[in-house]
Amino acid sequence: MQPNLQDPVTVLSGVGPKRVTALKELGIETIADLLYYFPFRYEDLKVKELADVADQEKVTLKGVVVADPVISRFGPHRNRLNVRLLINHAVIRVTFFNQPYLKDKFTTGTEIAVYGKWDAKRKSLTGMKVLAVQNEDHPSYEPIYSVSKKIRQGTLVKLIQEAYKRYQGLLVDLVPSNVRSHYRLMNEQEMVQGMHFPKSLEEAQAARRTAIFREFFLFQLRLQTLKNSNDRPENGVALEYDNDALKKFIKTFPFELTNAQKRVVNEICRDMRRPQHMNRLLQGDVGSGKTIVAAIALFATVTAGYQAALMAPTEILAEQHYNKLAKLFAPLHVSVSLLTGSLRTQDKRQALADLRSGRTNIVIGTHALIQEDVDFKRLGLAIIDEQHRFGVNQRRILREKGQKPDILTMTATPIPRTLAITAYGEMDVSTIDEMPAGRLPIQTTWIRSNQVQNALQFVRQQLEAGQQVFVITPLIAESETLDLKTAEQIYDQMNAVFGNDFKVALLHGQMKDDEKNAIMADFAADRVQLLVATTVVEVGVDVPNANVMLIFDADRFGLAQLHQLRGRVGRGKEQAYCILIADPKNQTAIERMTIMTETTSGFTLAQKDLELRGAGDVFGDRQSGLPAFKIGDPVADINSLQVAQLEVQKLFEADPDLREQEHWPLAHYLDVQKLRQPSFD
Ligand code: ADP
Ligand code: MG
């Protein structure tokens, strides 16, 4: 058999079923996986002069063994090996714990090098490794890989060495040579070698720079391929909507659209009319008026003779959207229906039949919309609210429900500009960057828990003035049961304080959906004045008469989440207030509380969040829906990412179908990733 980079790791010596499993857990199944499994750092094994070594530094020292090593035992199974080394004119002690077998490596009078941690006061080195006295081919930088308990560094290194020896000739250059030479990047083989077996720190750094660029380049290649395929006319629908009807519809609103709303409506409508597939993201801060924009797009679709769907992440939200939109569309003879998991069987059957027959024009729903039994007559547009709460797959299923309907996703979680390039992937972006006129910014204050009484006093005043209040209960890390317990305690507390004069209710995530809906309906209708809630109210809930929010243990929430929560108030004409109760212990938590009191802009907060948490955390957050990179950091390496984007654009301009011989490997790469449309010529 011809060797191939896709060969399984079992072709290497010593890889049996056990190792296969261990490697698989690291994501390594093939030779290619192994060769591209890069170290995350290097240990400097170069021998240093004693005088240059700092206390507690990890370092390699070289000296002559003064006397045979001594092994002493202490406790069962524990022992230490001591040996003295002469370095220039000083004698130091080297200690290894629980590695008595190293004894044979030390022979009196010979020279040896030991890597370990230096204790300056005791003049001793806690040994970590015995190295052969350095010769030419001994690496002076040892790569450190992330490994598991089941596989050791040494094993991994051996496997990589063997794989490299046998397969290096098969490594193919993906980044074209003109790009590589322009940015002084290594070729594929130099890069793989430099990452695993660098002869100098410079070589390791150059290899890493290449690897980062390569990762971003391939990412952009996938992204732009997807985008190009969306741009093919045969892949979408042209929604020939009725412009006059649309204008009339907009005139019926009790307010004028903001300029930003007008702009994004134009962007969306232009996309819908084109035969290409629309894949657009609508982002705008909480309360910026995305829902009405969605309504316009839904209506436009109906006037073009198609059905439209709006998918929300929770039943509460779906129901809320439904109530609003049904009212809005009632005079227009547009039929709007609701499809959620908690519909009664009979109602559900009817709803499904109406979708199939085309009697329903607009359907609002939850995940229920992407179940198998849902068929549309002619789906033209699907809108997805709070897109980061749905996985990519769910979006894809919705897209496949029609003949490639246009897709509009909406989010109130802005992503800092520096990340937009990666986060938004293949989507086009429309941004509402302006609030409806006359909105008063929410006044946010931060108090300590010993000032709660004052806050409750304030809450009473507001309740007496006819306002409604949210009380958000603390988030107990990872435990829904504890969350609920604390929520119930706070509910009891609030009931004790306000229960005589006002109706207090509790809303939490473990309630059944119809229970939740009933409570939300009571709150929306002012039958409940004070709502104690967990984060279930985080997104979208719109009760304009609620203008005070009290958040207990606010420092347990992330900035993005606090911003979302706070967005539940300040939706009416009254001045709104958000009171954060927190006794933060660390500096970043203090900063987070302070920032919340200083800004109400979601974009500013997102940027701060990034600065405080770092890209790793923001990106690591699975909810964020952002792609994870193996070595590149889209914030720290933003320049590389931008250059990669530009170079891929140029590449596609020059050779859209990747026909040039040098681009064949790229075409093959995309085929393997199943990203290319089969071509028929
Ligand atoms: P989002 O979904 O972006 O959080 P909404 O669409 O729920 O925001 O809008 C928040 C509130 O502002 C709603 O009550 C909506 O009716 C109102 N609104 C929307 N657009 C305007 C506008 N241009 N002028 C005044 N009020 C508006
Ligand atoms: Mg279109």
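Computed over heavy atoms, backbone and side chain alike; hydrogens, waters and symmetry mates excluded. As the structure lists them, so they are numbered: ligands from 1, and atoms in each ligand from 1.
- The side-chain hydrogen bond (donor to acceptor under 3.5 Å, both in side chains) test applied to R356 returns no partner, not counting sequence neighbours.
- At a heavy-atom distance under 4.0 Å, only backbone atoms of L257 (N, CA, C or O) approach ligand 1.
- Not a single heavy atom of I432 lies less than 4.0 angstrom from ligand 1.
- Between K348 and D373, at least one side-chain nitrogen of the basic residue sits less than 4.0 Å from a carboxylate oxygen of the acidic one, meeting the salt-bridge criterion.
- E256 counts as a contact of ligand 1, since one of its heavy atoms falls under 4.0 Å from the ligand.
- Interface of D285 with ligand 1, defined as ligand atoms under 4.0 Å from a residue heavy atom, comprises 3 (O).
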Show me the donor-acceptor pairs, under 3.5 Å and distance only, between side chains in residues 574-581 and residues at least two apart or in other chains.
| from | atom 1 | to | atom 2 | distance (Å) |
| --- | --- | --- | --- | --- |
| Q575 | NE2 | P441 | O | 2.9 |

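- The contact set between ligand 1 and R571, taken as ligand atoms under 4.0 Å from a residue heavy atom, comprises 4 (O), 5 (P), 7 (O), 8 (O), 10 (C).
- Taking the ring centre of Y306 as origin, the terminal cationic atom of R378 falls inside the region bounded by 6.0 Å and 45° from the ring axis.
- One finds a salt bridge joining E240 and R273 here, because a Lys/Arg side-chain nitrogen approaches an Asp/Glu carboxylate oxygen to under 4.0 Å.
- Comment: K262 engages E256 in a salt bridge, judged by a side-chain N to carboxylate O separation of less than 4.0 angstrom.
- At least one heavy atom of S288 sits closer than 4.0 Å to an atom of ligand 1.
- Interface atoms of ligand 1 facing T258, defined by a heavy-atom separation under 4.0 Å, are 23 (N).
- Inclusion of G287 in the set of residues having an N or O under 3.5 Å from an N or O of ligand 1 is warranted.
- We find that R263 and D433 are joined by a salt bridge, their nearest charged nitrogen and carboxylate oxygen being less than 4.0 Å apart.
- At a heavy-atom distance under 4.0 Å, only side-chain atoms of Q261, from C-beta outward, approach ligand 1.
- Considering backbone and side-chain N/O of P436, none are found under 3.5 Å from N/O of ligand 1.
- For the pair R460 and F498, the cation does not sit on the ring face, since its NZ or CZ is not both under 6.0 Å from the ring centre and inside 45° of the axis.
- The T291 neighbourhood of ligand 1 comprises atoms 2 (O), 5 (P), 6 (O), 7 (O), with distances under 4.0 Å to a heavy atom of that residue.
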